[in-house]
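These numbers come from the heavy atoms of this one structure, side chains and all, not from hydrogens, waters or symmetry mates. Letters A, B, ... mirror the listed sequences (proteins, then strands); counts begin at 1.
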2 protein chains.
Amino acid sequence: MTSTDDRLARRQVDKFSERRRQLADAALQTLATQGYARTSLRDIAKDSGFSVGVLHYYFRDKVELITDCVRRYKAACVERYDAIAAHATDPETLLRDAGDGLAATLEQDALLHRLWYDLRAQSLYEESFRLDVADIDASLERMIWRIVTAYAGLVGVEPRCTPGLAYAAFDGLFGQALLRHLSGDADALDDLRAGTRVLLERLV
Amino acid sequence: MTSTDDRLARRQVDKFSERRRQLADAALQTLATQGYARTSLRDIAKDSGFSVGVLHYYFRDKVELITDCVRRYKAACVERYDAIAAHATDPETLLRDAGDGLAATLEQDALLHRLWYDLRAQSLYEESFRLDVADIDASLERMIWRIVTAYAGLVGVEPRCTPGLAYAAFDGLFGQALLRHLSGDADALDDLRAGTRVLLERLV
DNA sequence: GAGGTTCTTGGACGAGCGTCAAGAATTCCT
DNA sequence: AGGAATTCTTGACGCTCGTCCAAGAACCTC
């Protein structure tokens, strides 16, 4: 009989991956507040309430832990951005919803987005992150493209730019807004909304 | 007589700041190839041909050295980007020159630009860099705005966007192009040229 | 060339890092 | 209940880091 073994194995796997998830979430939290370069395993352990050794029990090394964090960040990203999906039935509403959506996630998850720009910059130096980062970039590009095509559809035209250009422009806009928001610029969110509107109108 | 003292002081100051320049340049080189988080004083010393102690003779601590490097990077940036100044007398030529200029500096100074994105991300965590980074950002924004207004002038209209939005969009475009270029994407430079053209046409 | 200033070296220091292993503590199954 | 399997703690390891200092080299002035 393998059914008992299976059940056993499954239960153990579940517990194992549940603890992994727990630790990775704590690590993601620590990474977001301290940044990649300034986060040590001891910091993560302290924040998670476990000891340092347990991190090496559930993750082979630091790279595997961080990579797992990045993947979890990606999942959070996709989920978060899908909420900005364009449900609007007229162009004006979509323009407003898109700007509000970007501004809302910028404000609520500022530290996670900061971590994203940090990790993307690090991926230019550390080969090991590059694939996951490219994966996240691609999903963000699709998210932007959904908004662009939705707006174009409501206006009744075809987009006049590539998905890559649209994402690049919005990414730059978002990055600058994040920089200013974290520096205490009170106009950052409103400028992001206004910029979103202008970019959408001009790019389609 | 103070003339001798003055001469002496000046000569020593000159030697002192000359050595500082030499060390900071070496440090900038090392930073560009290894990234901020992975560059130690020993790496810089090795690359410069001096010992570690001499770095502390000319710079109070690591922060002062890195800050000096960032300032020198800024000077190089301004000089470099001024070369993309718009001399064109017709819109079409300017569109081509701007795209070529951005693509050229991306290709020639890819590692320095990579360092820029690294340092800008780090400035979101380390307060000490933030002012210098904001300074560089502002000068880059002015550079982009010169191109935008020059194009608008040749077309005979007023720009229909803010300097901040224009810079954000171009910065995003440039950043994505750098990411792809460093990842070995052969189309990155051409896409940057094409994207520059589209952005300029749409934003004015 | 002596004497004083400036420059440079090389190594020591303590702290923090990732990693790891031995064993204690806990959980699980029969 | 008790033995087996697991989960977790503790502490040590070798290493690199920024910083600092004593000593000597190089240089300049008289």
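Distance Lys15(A) NZ to dT6(D) P: 11 Å, rounded to the nearest Å. If you measure from atom CZ of Phe16(A) to atom P of dT27(C), you get 18 Å, rounded to the nearest angstrom. We find that CG of Leu55(A) is positioned 10 Å from P of dT9(D), with the value rounded to whole Å.
A search for ring-ring contact (aromatic ring centres under 6.0 Å, His included) contacts involving Phe129(A) returns Tyr36(A), not counting sequence neighbours. Checked against side chain to side chain contact (heavy atoms under 4.5 Å, CB included), Pro159(A) has the following partners two or more places apart in sequence or in another chain: Trp145(A), Val148(A), Thr149(A), Ala152(A). Every side chain to side chain contact (heavy atoms under 4.5 Å, CB included) that Ser128(A) has, sequence neighbours left out, goes to Val63(A), Glu126(A).
Side-chain contact of Arg38(A) with Gln122(B): a donor-acceptor pair under 3.5 Å is present, judged by distance alone. A donor and an acceptor atom, one from each side chain of Thr30(A) and Asp43(A), are nowhere located under 3.5 Å apart.
Expressed to the nearest 0.5 Å, how far CZ of Arg42(A) lies from CG of Leu55(A) amounts to 10.5 Å. Separating the CD atom in Gln22(A) from the OH atom in Tyr58(A) is a distance of 9.0 Å, to the nearest 0.5 Å.
Against DNA chain C, the stretch residues 56-65 of chain A makes heavy-atom approaches under 4.0 Å through His56(A), Asp61(A), Lys62(A). Contacts between residues 23-52 of chain B and DNA chain C, counted as heavy-atom distances below 4.0 Å, involve Arg42(B), Phe50(B), Ser51(B).
A salt bridge (Lys or Arg N to Asp or Glu O under 4.0 Å) check over residues 173-196 of chain A, counting only residues at least two apart or in different chains, returns the pairs Asp100(A)-Arg193(A), Arg180(A)-Asp185(A), Arg180(A)-Asp191(A), Asp190(A)-Arg193(A).
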